[in-house]
Amino acid sequence: MQEFDTPVVDNHLHLDPDHGRGLEAVKDFARSGGTHLLVVNKPSWLLGHEVETGEDFRPVFETTVEVVREASELLPGRAWPVLGVHPGLVSKLVDDRGYDPEDARDLMCAGLDTAAEFVRGGDALALKSGRPHYEVTDAVWEASNAVLGHGLDLAADCDCALQLHTESTTDLSDVAEWAAERGVPGERVVKHYAQGHLAGGTPSVMSDKDRLEDAAERGDPFLMETDFIDDPDRPGAVMGPKTVPRRVDWLLDEGREDAVRNAHVETPALVYGVDTEATLDR
Ligand SMILES: [Zn+2]
């Protein structure tokens, strides 16, 4: 049982109690010194839901809320749900199910509306949206940006952060501008799967050493994540649940206490308004 003198937060991972490791992954995280988790719902189609209305997303979100409740019992800190609609859904709808981009947009916006109800009710911490990371038609790109804009509208309305899945980039200035137009503070736009730095938002840095070194060196606000997908069919596809605690251990060995405080105390407070120290019970 590893223990650090600091909270240790994984800002983006998935738990699939029915098909994956579920709470066993949480135990691995906690045994390695992890304290807090932001658990993002799995894409609706991976849980076998063929969504047709915004309401159809509700069971997807409830699965996450439930596993988060159980995970919190196992953690010295706690877990929080982050709920939203995976931007890849647009292609499932348009390419596989014959939707036109506008109808796909409307369904995805309706799914985000359902997610926002959980945030308003205090059952989720933040929202999740984005746009495809692969080449799409102009119509699909436009529809995706409209969904992302709706995510920002809801983040403004719910006074919460918005995690984004986007193309691989270190510049989201366009999104930062849309956020500013809606009164959403720039730091509340969080790019998941990020490099060590980002213009136009807060990077949630994938926890490999090169990216972390970059983030630590700059000293700007950042978060750390694994994007553990908890998918038994893709065991090596992403980092495992022990990765963030191990990288914290490494950062501390390197004398990077400031970076650890940045990613695990200061930036969670700045972005989500959570106090990871006060919610630590040991
Ligand atoms: Zn993810």
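Numbering of ligands and ligand atoms starts at 1, following listing order.
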In Leu223, Asp214, Leu212, the residue satisfying side-chain contact (heavy atoms from CB on, under 4.5 Å) with Val205 is Leu212

Has His14 got an N, O or S atom lying less than 2.8 Å from the Zn ion (ligand 1)? yes

What N/O/S atom of Asp227 is the closest to the Zn ion (ligand 1)? OD1

Return the CG to SG distance between Leu162 and Cys160, rounded to the nearest 0.5 Å. 7.0 Å

Does the side chain of His12 reach to within under 4.5 Å of the side chain of His165, using non-hydrogen atoms? no

Near the Zn ion (ligand 1), is there an N/O/S atom from His12 that is less than 2.8 Å away? yes

Distance in Å, Met206 CE paired with Asn11 CG, rounded so as to fall on 0.5 Å steps: 12.0 Å

